[in-house]
Amino acid sequence: MSDLRVRFAPSPTGYLHIGGARTALFNYLLAKKNNGTFVLRIEDTDVERSTQESVDAILFAMDWLGLSYDEGPFYQTERFDLYKQKVQEMLDNGKAYRCYCTPEELEAKREKAMAEGRKPKYDGTCRNRTDQPDAPFVVRFKLPEDKEETTFNDRIKGPITFRHEELDDLIIQRSDGTPTYNFVVVIDDAEMDINLIIRGDDHVNNTPRQILLYEAMGYAVPEFAHVPMILGSDKKRLSKRHGATSVMAYQEMGILPEALINYLARLGWSCGDEEIFSMADLIEKFSLENVGRAAGVFNPEKLNWLNSHYIKTGDVSRLAELLKPFLTAKGVDFSNGPDMAAVVKTLQERSSTLIEMADGAAFYFAETIEYDEKAREKFLTADQADLFAVVVEQLEACDQFNHDGLDRAFAVVMEKTGLKFGKVAQPLRVALTGVTASPSIYEVLEVLGKDRSLRRIKAAQQALV
RNA sequence: GUCCCUAUCGUCUAGCCUGGCCUAGGACACCGCCCUUUCACGGCGGCGACGGGGGUUCGAAUCCCCCUGGGGACGCCA
């Protein structure tokens with residue numbers, strides 16, 4: 001096989017969908033694995049619905065995911081001359097014809113066919129007409145009649161055969177003169193030397209006609225690999241009502257790109273019992289042979305689990321940077337707070353998203369602690385006065401505000417008060433964080449630092465109920 | 001409706017091609033126990049599937065057929 005050339009060809013009519021991201025990922029992976037070329041092409045022949053904002057959003061999302069392309073982005077709207085020329089050639093050599101049927105007529109026939117239980121197909125009304133009325137027309141591809149069926153060997157699904165009687169003469173040029181998807185996709189994939197087309201399952205029905213178009217235009221037919229769709233929890237095609245479908249929505253939810261990549265790759269593909277894959281692992285191990293043939297249900301819990309894994313094992317300073325926008329979004333001013341990296345370290349094992357981490361980190365930066373009412377009633381009571389007095393005394397005397405130093409200080413506190421550590425820790429936790437769940441007390445004290453910690457404890461002494 | 005695809009725990013899946021190693025393995029979720037200064041992490045254990053029916057075979061999750069379920073397509077969208 002010649003050098004592998006694959007492509008991702010989104011239509012810019014919205015954000016990058018996670019289904020699209022997955023087919024982009026599979027293309028990218030295979031290209032990298034085989035030292036091939038990954039082409040990005042923007043399918044914007046539907047000028048009505050295509051927008052520059054969508055193009056930007058898609059490019060941005062691909063960049064966030066780390067899916068870089070080797071060629072492109074190519075825009076189909078910039079290639080209309082080529083398509084025009086191809087349409088003319090088709091017309092000239094009798095492989096296409098003008099059709100003057102109106103959309104209304106076609107719609108009526110479609111409905112009639114459906115009602116009668118037949119597959120709606122164009123009936124060929126204009127197929128053999130020779131006149132050229134002065135009326136709007138579309139150009140249709142004349143379905144070749146020399147074969148009864150078309151078969152292709154899908155790299156994922158195996159051999160698939162369509163009887164030509166299921167097909168009809170498809171429109172390759174609209175009445176406004178613009179070319180249609182099924183036509184340009186063939187021209188572009190052929191002209192860009194794409195030899196393996198990896199795309200969504202929903203395109204298998206288009207494949208036989210596209211193959212016929214390749215043949216009609218004298219192009220080599222590429223290989224196809226149709227990846228199954230992603231479904232929602234009700235096994236319906238994944239859509240907004242199942243939750244977020246946009247790649248960038250996951251970023252906003254505090255998901256790391258490597259977690260999304262890992263999740264998307266494992267949805268419908270596997271490698272033994274392995275679950276954790278870096279991009280490098282995927283490039284090394286991915287193969288079409290191990291892609292499943294059935295549609296898969298999107299499972300946010302597993303994505304979250306992967307995300308918690310990547311947060312747990314992620315680089316601290318990177319996470320610190322990623323966390324900042326989430327803190328800002330919460331209205332947390334971290335300009336004078338404790339060291340962000342130190343904060344992150346205490347939260348890595350207890351956060352499954354950056355949102356959770358931001359929630360857990362907010363108390364570090366608070367000017368004054370707002371106590372959870374229940375926590376205050378339980379732990380900041382007047383009978384804790386003696387305990388807090390001893391704690392303040394010992395922490396003020398503590399000259400090493402780290403684990404060992406604090407351990408020595410609290411040994412004294414426990415001895416003087418006769419309390420077990422648990423009885424000391426909880427009231428102190430509420431004093432320092434306002435709530436009953438937080439990173440360990442030593443970590444909190446150390447990250448907060450001596451001054452900030454003492455200020456909070458003293459404030460709590462004033463707030464005892 | 002017609003055509004195409006598809007079918008292992010609730011979900012993602014291993015196993016299927018090259019039948020016996022499968023009293024079907026892993027992961028998420030869930031439950032329990034342990035660890036423990038809280039919450040988590042972690043460790044251990046549990047729950048839980050070959051859609052149904054026919055074949056072929058000494059033997060089928062694995063091969064064949066039918067049924068059923070699910071998805072997709074049927075556009076002057078892509």
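Side-chain atoms are counted along with the backbone in the values below, which use heavy atoms only and exclude waters and symmetry mates. Convention: sequence-line order gives letters A, B, ...; per-chain numbering from 1. Please read these numbers as outputs of a predicted model, since none were measured by experiment.
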Inset, instruction - State which of B/A7, B/U38, B/C74 makes the closest approach to the side chain of A/A294. - result: B/A7
Legend entry - Atom-to-atom span, CD1 of A/I441 to C1' of B/U37 - whole angstrom: 7 Å
Legend entry - Pairwise C1' distance for B/G25 and B/U62, with rounding to whole Å: 15 Å
Tabulate protein N/O versus nucleotide N/O from nucleotides 69-72 of chain B, keeping only pairs under 3.5 Å, one per line.
from, atom 1, to, atom 2, distance (Å)
B/G71, OP1, A/K236, NZ, 2.7
B/G72, O3', A/R237, NH1, 3.4
B/G72, N2, A/N205, OD1, 3.2

Legend entry - A/F26: partners by ring-ring contact (aromatic ring centres under 6.0 Å, His included), with sequence neighbours left out: A/F286
Inset, instruction - Among B/U37, B/A78, B/C41, find the nucleotide with the atom closest to the side chain of A/Y442. - result: B/U37
Legend entry - Candidates B/U6, B/U37, B/C41 - which lies nearest the side chain of A/K157: B/U6
Legend entry - Closest listed nucleotide, where the reference is the side chain of A/I171 and the choices are B/U37, B/U2, B/C76: B/C76
Inset, instruction - For B/A73, give its Watson-Crick or G-U wobble partner with both distances under 3.5 Å, or none. - result: B/U2
Legend entry - Nucleic acid contacts - residues 6-19 of chain A versus RNA chain B, non-hydrogen atoms under 4.0 Å: A/S11
Inset, instruction - Quick one: classify the glycosidic conformation of B/C9 as syn or anti, with syn meaning within 90° of 0. - result: anti
Legend entry - ring-ring contact (aromatic ring centres under 6.0 Å, His included) partners for A/F277, two or more places apart: A/W269
Legend entry - For RNA chain B, the residues among residues 404-424 of chain A that have a non-hydrogen atom under 4.0 Å from it: A/F421, A/G422
Legend entry - Among B/C74, B/U37, B/C4, the nucleotide that comes nearest once only the side chain of A/P120 is considered: B/C74
Inset, instruction - Select one nucleotide: of B/C4, B/U38, B/C5, the one nearest the side-chain heavy atoms of A/R350. - result: B/U38
For nucleotides 25-29 of chain B, list the nitrogen or oxygen atoms of the protein found under 3.5 Å from its nitrogen or oxygen atoms, one pair per line.
from, atom 1, to, atom 2, distance (Å)
B/G25, N2, A/D273, OD1, 3.1
B/G26, N2, A/R266, NH2, 3.3
B/G26, N2, A/E275, OE2, 3.1
B/A27, O4', A/E275, OE2, 3.2
B/A27, O2', A/K302, NZ, 3.3
B/A27, N3, A/K302, NZ, 3.3
B/C28, OP1, A/W305, NE1, 3.2
B/C28, O2', A/K302, N, 3.3

Inset, instruction - Grab the CZ-P distance between A/F183 and B/G75 for me, whole Å please. - result: 19 Å
Inset, instruction - Give the rounded distance in Å between these two atoms: CD of A/E111 and P of B/C74. - result: 16 Å
Inset, instruction - Calculate the interatomic distance between A/R199 atom CZ and B/A73 atom P; express it in whole Å. - result: 13 Å
Legend entry - Check: A/G434 main-chain N/O paired with A/D372 side-chain donor or acceptor under 3.5 Å: no
Inset, instruction - Specify the separation, in whole Å, of atom CD of A/E165 and atom C1' of B/C4. - result: 14 Å
Legend entry - Closest nucleotide among B/U37, B/A78, B/C41 to the A/E349 side chain: B/C41
Inset, instruction - Starting at atom NZ of A/K112, determine the distance to atom P of B/U2, rounded to an integer number of angstrom. - result: 18 Å
Legend entry - A/R41 vs B/A78: side-chain N/O to OP1/OP2 distance below 4.0 Å: no
